[in-house]
There are 2 protein chains.
Amino acid sequence: MKTRKKTLRDYLQLKGLKITNQREIILKTFLDSRSHCSTDDLYIRLRKKHPKIGYATVHRTLKLLVASGIAIEQNFGDGQARYEPVQDNHHHDHLICRECGLIIEFEEPQIEKLQHQVAAAHQFTIESHRHELYGLCSRCSHLK
Amino acid sequence: MKTRKKTLRDYLQLKGLKITNQREIILKTFLDSRSHCSTDDLYIRLRKKHPKIGYATVHRTLKLLVASGIAIEQNFGDGQARYEPVQDNHHHDHLICRECGLIIEFEEPQIEKLQHQVAAAHQFTIESHRHELYGLCSRCSHLK
DNA sequence: AATATCAATGATAATGGTAATCAAAGTCGA
DNA sequence: TCGACTTTGATTACCATTATCATTGATATT
Ligand SMILES: [Mn+2]
Ligand SMILES: [Mn+2]
Ligand SMILES: [Zn+2]
Ligand SMILES: [Zn+2]
């Protein structure tokens, strides 16, 4: 079982890129953060301990984490990309509360299977997918 | 069975808004266009016969069509919103080819049902959802 | 038909997330 | 240690979307 720090180092080496302090600090902070954070979220969090790290580096490193398979980019329709660590061999989709922003994760193997059937029926090769349910979480529906 | 022109007129009246030539021309052109068009697509198409209509009006009218239930806004991850006419009582989701941009529509009632079960299990009230499968269409997978 | 009121239009500027630029600094193999 | 090449961080550019505002238009009332 490879650590994600090792995964990043291997990826950088493979691509002829360089291991830098910034990249390792950003990776560590990203993994420690609550999930589904935006570039801004992470940049603000980083500034507390590492005020020298620039916004552009945070942005570029998040893209790098996606390219290396450590992170996945999500977009929940609020106009800014969000990132979360890839959970080993566990894909999930999301319920998103329009009122309070709560994000609930779910796994539903039957949906995944039906998806593949749909794709197969159209001779379509799936590379990725998004499945998001928007509405009100239980707390917010009660308050209405 | 109400025409969509009538639907728009009723909506405008209800909201104290005004029926204008621009709005009716944009509606007609939108309905005649191939589906999943961006604001730009529609604006360029309109310019041929109606060069006086401004981009801002096209943008505002598309938002109006969404608000009145005539159109639905989609976002397939290329950074620009796309619009398509709502098909009477027929929801569908999408397969999107990353290579050629082909968009295939699908309906899968079993997925819709499972979605509702997932939401119910979390006491979540669904208002809308997106389900998109990205990958290669049959033609593009053969060419690879 | 003329008028008054309020909304719509269209040219243009502002916004905001993302991505490109570039000089200075850093990495790492030779 | 040196040198080739990459990274960094400040800044600017990009681009879809949205706001602004003076002018024009729609509609109800007279
Ligand atoms: Mn998640
Ligand atoms: Mn469609
Ligand atoms: Zn909520
Ligand atoms: Zn294709």
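Remember, predicted model here, so these are calculated numbers, not experimental data. So you know, we letter chains A, B, ... as the sequences are listed, proteins then strands, and number each from 1.
- Remark: side-chain polar atoms of B:Asp32 are not paired, donor with acceptor, to backbone N or O of B:Thr29 under 3.5 angstrom.
- Taking side-chain N and O atoms only, A:His59 has a distance below 4.0 Å to OP1 or OP2 of C:dA19.
- Distance, B:Leu12 CG to D:dA28 P: 13 Å, rounded to whole Å.
- One interatomic measurement links the two molecules: NZ of A:Lys63 to P of D:dT7, which rounds to 17 Å at whole-angstrom precision.
- The distance between the ring centers of B:His94 and B:His131 does not fall below 6.0 angstrom.
- Here the C1' atom of nucleotide D:dA16 and the CG atom of B:Leu62 are 13 Å apart, to the nearest Å.
- Contacts of A:Arg60 with the nucleic acid, taken as non-hydrogen atoms under 4.0 Å apart, include base atoms.
- Within residues 35-56 of chain A, the residues having any heavy atom closer than 4.0 Å to DNA chain D are, in order of number, A:Lys52, A:Ile53, A:Gly54, A:Ala56.
- For the pair B:Asp78 CG and D:dA16 P, the computed distance is 9 Å after rounding to whole Å.
- Of the candidates C:dT9, D:dT7, C:dT18, the closest approach to any side-chain atom of B:Arg23 belongs to C:dT9.
- Nearest heavy-atom pair, A:Arg9 versus A:Glu24, reported as atom, atom and distance to 0.1 Å: NE-OE2, 2.8 Å.
- Atom-to-atom, CD1 of B:Ile25 to P of C:dA8 comes out at 16 Å; the value is rounded to the nearest Å.
- In this structure, B:Lys15 reaches neither bases nor backbone, as no heavy-atom distance under 4.0 Å exists between it and the strands shown.
- Ring centroids of B:His129 and B:His91 are separated by less than 6.0 Å, placing the two rings close together.
- Rounded to an integer number of Å, the gap from CD of A:Gln80 to P of C:dT15 is 18 Å.
- Within the structure, side chain to side chain donor-acceptor pair (under 3.5 Å) contacts touching residues 43-55 of chain A (residues at least two apart or in different chains) are A:Ser33-A:Arg45.
- Considering only heavy atoms from C-beta on, B:Arg130 comes within 4.5 Å of A:Arg130 through its side chain.
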All N/O contacts under 3.5 Å from nucleotides 27-30 of chain C to the protein, with atom names and distances to one decimal?
unit_1 : atom_1 : unit_2  : atom_2 : d
C:dT27 : O2     : A:Lys18 : NZ     : 2.9
C:dC28 : OP1    : A:Ile19 : N      : 3.2

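- Distance CG (B:Leu64) to P (D:dT17): 17 Å, rounded to an integer number of Å.
- Around atom CD of A:Glu127, more than 12 heavy atoms belonging to other residues, nucleotides or ligands sit under 6.0 Å away.
- Rounding to whole angstrom units, CG of residue A:Leu8 and P of D:dT7 are separated by 11 Å.
- Across all their heavy atoms, B:Phe106 and B:Ile111 have their closest contact at CE1-CD1, 4.4 Å.
- Within the 4.5 Å cutoff, side-chain heavy atoms of A:Leu64 are placed close to those of A:Leu17.
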